[in-house]
Amino acid sequence: MKVDVAVIGAGVIGTYIARELARYNLNIVIIEKENDVANGTTKANSAIIHAGYDAKTGSLKAKTNVLGNRLQEELCRELEVPFERIGSFVVAFNDEEVEILKKLEEQGNNNGVPGLKILNQAELREMEPNLSEEVVAALYAPTAGIIGPFELAIALAENAADNGVEILLNSKVTSIDKSNNKYIIKAGSHKIETKYVINCAGLYADEINNMVNRPYFEIVPNRGQYHLFDKTAGDFVNKVVFQCPTKAGKGVLVLPTVHGNVLIGPTAENTGNKEANETTTEGFTFLREKAEKVVKSFPYYKVITSFSGLRAKTPTGDFIIEEVQESRGFINVAAIDSPGLSAAPAIGNYAIDILKTSAGAFEENKSFNPKRKAFKPFTELSMEEKQQLIDQDPRYGRVICRCEQITEGEIVDVIKRKAGALTLDAVKRRARAGMGRCQGGFCGPRVMEIIARELNIDITDVVKDGIDSYILTGATKTIYDDTENLAAATKED
Amino acid sequence: MEKQNIICIACPLGCKLEVEHKKNGIDDYIVTGNKCPRGKDYGIKEMTNPTRVLTSTVKIKNAHLCRIPVRTKGEIPKGLIFKCMKEINKVEISGPIKVGDIIIKNVLGTGIDIIATRSM
Amino acid sequence: MVNYDVVVIGGGPAGLAAAIEAKNNGVNNILVIERDRELGGILQQCIHNGFGLHIFNEELTGPEYAERFIEELYEMGIEYKLDTMVLEVSPNKTIYAMNTTEGILNIQAKAVILAMGCRERTRGAINIPGTRPAGIFTAGTAQRFVNMEGYMVGKKVVILGSGDIGLIMARRMTLEGAEVKAVVELMPYSGGLTRNIVQCLDDYNIPLLLSHTIIDIKGKSRVEEVTVVKVDENRNPIEGTEKIFDCDTLLLSVGLIPENELSENAGVEIHPLTGGPVVNESMETSIEGIFACGNVLHVHDLVDWVTEESRRAGKNAARYVKNQLASNGNIKKTYAGYGVRYIVPQQVRVANIEEKLHLMMRVNDVYNSAKMVIKLDDEVYKRIKKNHLAPAEMESISIPAKDLINRSFTTISVELEVEEA
């Protein structure tokens with residue numbers, strides 16, 4: 001296939017850039033190695049929009065974070081993505097840490113973060129009654145928020161696809177050849193000829209770069225583990241609660257999610273392995289100790305799942321957003337670790353400006369539609385609205401996921417959309433079926449049945465997430481011939 | 001003479017039985033460790049001819065599910081369980097079926113039928 | 001708005017028995033609401049035998065047991081709705097439910113019987129570290145796939161937890177050609193019935209590893225191996241005892257949790273140990289006219305006890321509708337003493353007991369040879385000798401009403417007297 005722009009990686013950065021480029025008359029393709037969009041770092045992180053006081057003044061991180069924070073609101077409105085500006089606290093346990101808060105406040109002011117304020121214990125207690133008595137002060141950042149991170153990337157992908165962007169899944173890039181101002185990319189079963197390459201490959205951005213350019217940066221995977229708690233623990237904290245940053249990192253956060261759960265995490269571990277996204281006993285112990293320090297009598301038994309994500313860090317620390325000197329039209333958007341999600345729109349715009357500078361002006365796509373309709377979760381509708389929807393499509397009257405009360409209508413919707421769900425986890429990420437306390441125990445078989453029906457595939461071909469993550473191993477009643485192939489466990493006495 | 005230790009499953013108590021087999025011309029079994037007569041019977045049966053009820057499913061057409069549950073209508077020798085599974089796996093029936101309907105008559109010559117355990 | 005005398009939420013064994021008994025006690029206007037596509041609940045996937053020994057004096061399979069009640073329900077002409085989800089129950093017994101054909105249903109009941117059953121504990125709830133590949137199922141989900149949908153969930157299987165569903169699935173998977181490598185149990189004793197250990201594990205030479213747990217799961221797309229480790233008396237892993245099992249499937253049978261989201265939203269008080277509503281002698285919750293029975297109330301090991309308990313709930317819901325239940329009066333409490341984990345019911349109004357008060361309870365450890373001591377306040381009412389007590393097996397005690405009426409006491413307690421050291 002021949003395109004103008006190939007975006008490598010369908011995380012939040014890649015999907016944002018593709019969606020924004022769809023504003024112009026360009027042929028755009030997103031190339032993704034996984035079986036769904038938003039399936040790397042974008043799906044497993046703290047799900048917060050930082051205010052922007054953390055990064056060193058003048059750095060790309062500082063600039064794009066503060067700007068990105070501002071842009072998120074409009075973006076999430078257009079795409080109907082859950083985003084709430086609930087504010088954040090950095091809490092201090094002693095005078096030494098109060099000094100750190102003051103430095104953070106100053107740095108934040110220099111970065112242009114609005115509304116920062118250090119609160120004393122009494123003010124704090126009023127806003128966050130479940131905080132530990134040991135907390136003496138906190139830096140309050142009213143502009144910090146919480147977001148559905150993979151919801152954002154999925155919405156961007158859907159909107160991009162609605163505006164003509166093509167998305168190739170299960171297409172791992174294996175080679176990129178540069179010749180005569182164009183690039184030939186081999187990815188999965190595809191061969192793509194493109195004028196411009198935007199490398200948003202997250203953990204693998206260094207490997208993609210090295211296929212064409214000199215290896216001038218390295219991505220070091222850094223793991224963060226999390227616990228997610230049941231909704232019944234949901235109102236335990238009202239804001240994103242950070243602990244004071246130490247040499248080891250920003251510390252463990254406790255926060256409510258946009259869906260009403262509580263999230264605790266992350267750890268920060270250099271794993272040396274880009275696939276090492278497992279959780280560990282040590283990680284769990286660490287999280288528990290840290291979380292219990294900041295909130296009192298937390299309902300720990302309400303954990304519903306634990307997960308880990310890998311940050312795409314680079315030793316030099318700042319984001320890498322640049323056109324490669326020796327390769328015109330090849331733009332790296334790499335080393336996007338925290339606050340990458342917060343900064344995403346600003347990072348994307350910055351990369352697009354670089355592309356425009358390199359390529360000249362693009363012609364505007366007059367039919368671009370920036371709006372994407374999310375289904376409003378059925379549970380949030382009034383009884384009258386529910387009835388109306390069931391009248392239009394009776395499948396909304398059938399609850400499939402009991403815990404989250406997700407209907408068949410919603411599940412079919414997320415499968416049928418552009419950039420729609422192909423897998424059990426993809427349905428879970430989009431419609432939240434299986435996200436609740438039973439973790440898909442009841443609805444898993446039903447959702448698989450619906451996926452098989454809607455995609456017209458056999459139920460044994462429905463996978464959990466990746467293409468090899470098969471769930472069923474075949475039909476029962478297959479052993480009946482006379483060859484003695486019965487289980488080795490057979491011991492007839 | 002041989003001895004075997006068996007856990008009794010006649011009731012939830014789970015007595016630890018010791019069954020002694022004496023061959024003095026005729027077979028004689030001495031059960032100890034049982035707390036009731038049922039334990040003695042169970043112990044001897046486990047030594048001479050252990051039997052079990054087998055439950056499974058059979059393929060079915062023209063029904064709202066593609067499998068219907070079945071069981072042996074009585075105990076079959078334990079040693080025949082896997083052979084019996086093969087017989088069960090060969091069968092495909094068609095609905096409607098009533099609970100208790102015979103699916104396989106006299107399975108493996110045991111005198112025991114395989115019956116449906118629900119209507120479908 | 002439609003009106004019913006009794007609305008039963010859930011059409012499994014509890015709901016069926018309760019509805020039938022309510023009708024037997026003179027209430028005609030009854031509705032059973034079931035979320036699944038058929039009645040019978042989880043029994044329809046429990047195709048093994050062992051049900052009905054107490055109620056029918058014979059050993060039935062789950063579907064056979066269910067069908068007897070379903071047939072009776074049909075014959076009695078009790079109304080039911082399938083594929084219908086209850087969205088909300090209010091304290092004044094207004095119910096919102098929905099389905100594809102009728103849309104949103106608004107129902108007013110005089111009495112409500114909660115019979116929603118339970119759900120399985122998941123990996124998250126027990127926090128096993130490792131990767132998150134396909135191939136990890138709760139035993140009940142696997143049971144549904146294998147027995148009802150007709151699909152196998154794996155070829156090389158390790159099972160964590162020796163609850164009855166785990167044991168039953170070990171045998172079932174083996175019979176369908178899978179290799180079950182081990183059943184791993186954290187506690188020093190099994191969570192299942194002895195007969196199931198013999199029939200499901202010993203018969204097929206499947207090892208039961210007591211005092212062991214799983215500390216790691218490996219595999220990117222599908223489970224590839226699990227690490228099993230021995231635990232000490234405080235259930236902490238003992239370093240150096242790790243064993244790796246090569247497998248593609250992990251089944252979890254690590255406990256059941258009463259499903260009480262509807263009850264909680266209605267404002268029903270939940271007991272911290274049972275996970276179910278606090279109820280009185282009539283199976284009535286903290287909200288007058290809302291009753292609960294079966295696994296939504298506390299997790300049972302035998303369906304026969306579910307049936308008995310649900311009949312009481314059904315009967316008392318009928319009495320409530322007919323204004324035959326004394327709503328106030330002197331409330332006695334039950335108290336779980338030494339060795340007893342919980343007692344249901346938690347409250348007793350002596351005036352409402354017909355014939356006998358039934359107490360159901362679980363002990364907190366395995367005891368061989370102990371006495372269950374029933375006390376009315378400090379006074380010993382009765383000692384019952386028990387050869388064998390285990391957390392997996394529910395105990396029940398009946399006290400004749402005549403022994404409670406006209407006696408002044410505030411608490412009925414049950415505790416264990418353990419003879420051995």
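In what follows, chains are A, B, ... by sequence order, proteins preceding strands, each numbered from 1. Everything numeric in this text was worked out from a predicted model, so none of it was measured. Atom set for the values below is all heavy atoms of this structure, side chains included, hydrogens, waters and symmetry mates excluded.
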- Query: If you take all heavy atoms of C:Asn147 and B:Arg67, which pair is closest and at what distance?
  - Reply: O-CB, 3.8 Å
- Closest approach of B:Phe82 and C:Thr174, non-hydrogen atoms and distance?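 For B:Phe82 versus C:Thr174, the nearest heavy atoms are CE2-O, 3.9 Å.
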Heavy-atom check, side chain of [X] versus side chain of [Y], under 4.5 Å:
X: B:Thr117; Y: C:Tyr65; result: no
X: B:Thr57; Y: C:Glu176; result: yes
X: C:Val198; Y: B:Glu46; result: no

- Task: Count the heavy atoms of every other residue, nucleotide or ligand shown that sit under 6.0 Å from NZ of B:Lys61, and state whether that count exceeds 12.
- Result: no
- Message: Are there over 12 heavy-atom neighbours, none belonging to B:Lys59, within less than 6.0 Å of that residue's NZ?
- Response: yes
- Item | Partner residues of C:Arg68 under the side-chain contact (heavy atoms from CB on, under 4.5 Å) criterion, sequence neighbours left out | C:Phe56, C:Glu58, C:Leu60
- Looking at residues at least two apart in the chain, or sitting in another chain, which of them share a side-chain contact (heavy atoms from CB on, under 4.5 Å) with B:Leu54?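 Residues passing side-chain contact (heavy atoms from CB on, under 4.5 Å) with B:Leu54: B:Thr72, B:Ile76, B:Ile81, B:Cys84, B:Met85, B:Ile88, C:Leu175.
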- Message: Out of B:Ser119, B:Cys66, B:Cys8, B:Pro69, return the one with the most heavy atom pairs under 4.5 angstrom to chain C.
- Response: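 Highest number of pairs under 4.5 Å: B:Ser119.
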- Item | Residues which pass salt bridge (charged side-chain N to carboxylate O under 4.0 Å, His left out) with B:Glu87, listed by chain and number, not counting sequence neighbours |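 By the salt bridge (charged side-chain N to carboxylate O under 4.0 Å, His left out) rule, B:Glu87 matches B:Lys90.
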- Does C:Glu38 come within less than 4.0 Å of B:Arg118, counting only side-chain N to carboxylate O? yes
- Item | Heavy-atom contact with chain C under 4.5 Å, split by part of B:Ile115 | side chain
- Message: Is C:Glu67 close to chain B through its backbone or its side chain, or both, or neither, when contacts mean heavy atoms under 4.5 Å?
- Response: side chain
- Message: Heavy-atom cut-off 4.5 Å, strictly under: side chain, backbone, both or neither for C:Arg37 against chain B?
- Response: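 Interface part for C:Arg37: neither.
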- Query: Under the side chain to side chain contact (heavy atoms under 4.5 Å, CB included) criterion, do B:Val53 and C:Gln199 qualify, and how do the steps go?
  - Reply: CA-CA 10 Å; B:Val53 167; C:Gln199 297 183 105; over 6 Å; no
- Nearest-0.5 Å distance that lies between atom CZ in B:Arg52 and atom CZ in C:Arg171: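 Interatomic distance, B:Arg52 CZ to C:Arg171 CZ, rounded to 0.5 Å: 9.0 Å.
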- Message: At under 4.5 Å between heavy atoms, what parts of residues 95-108 of chain B are in contact with chain C? List them by residue number.
- Response: B:Lys98, B:Val99
- Item | From CA spacing to verdict: side chain to side chain contact (heavy atoms under 4.5 Å, CB included), B:Ile7, C:Thr194 | CA-CA 8 Å; B:Ile7 296 170; C:Thr194 313; 3.5 Å; yes
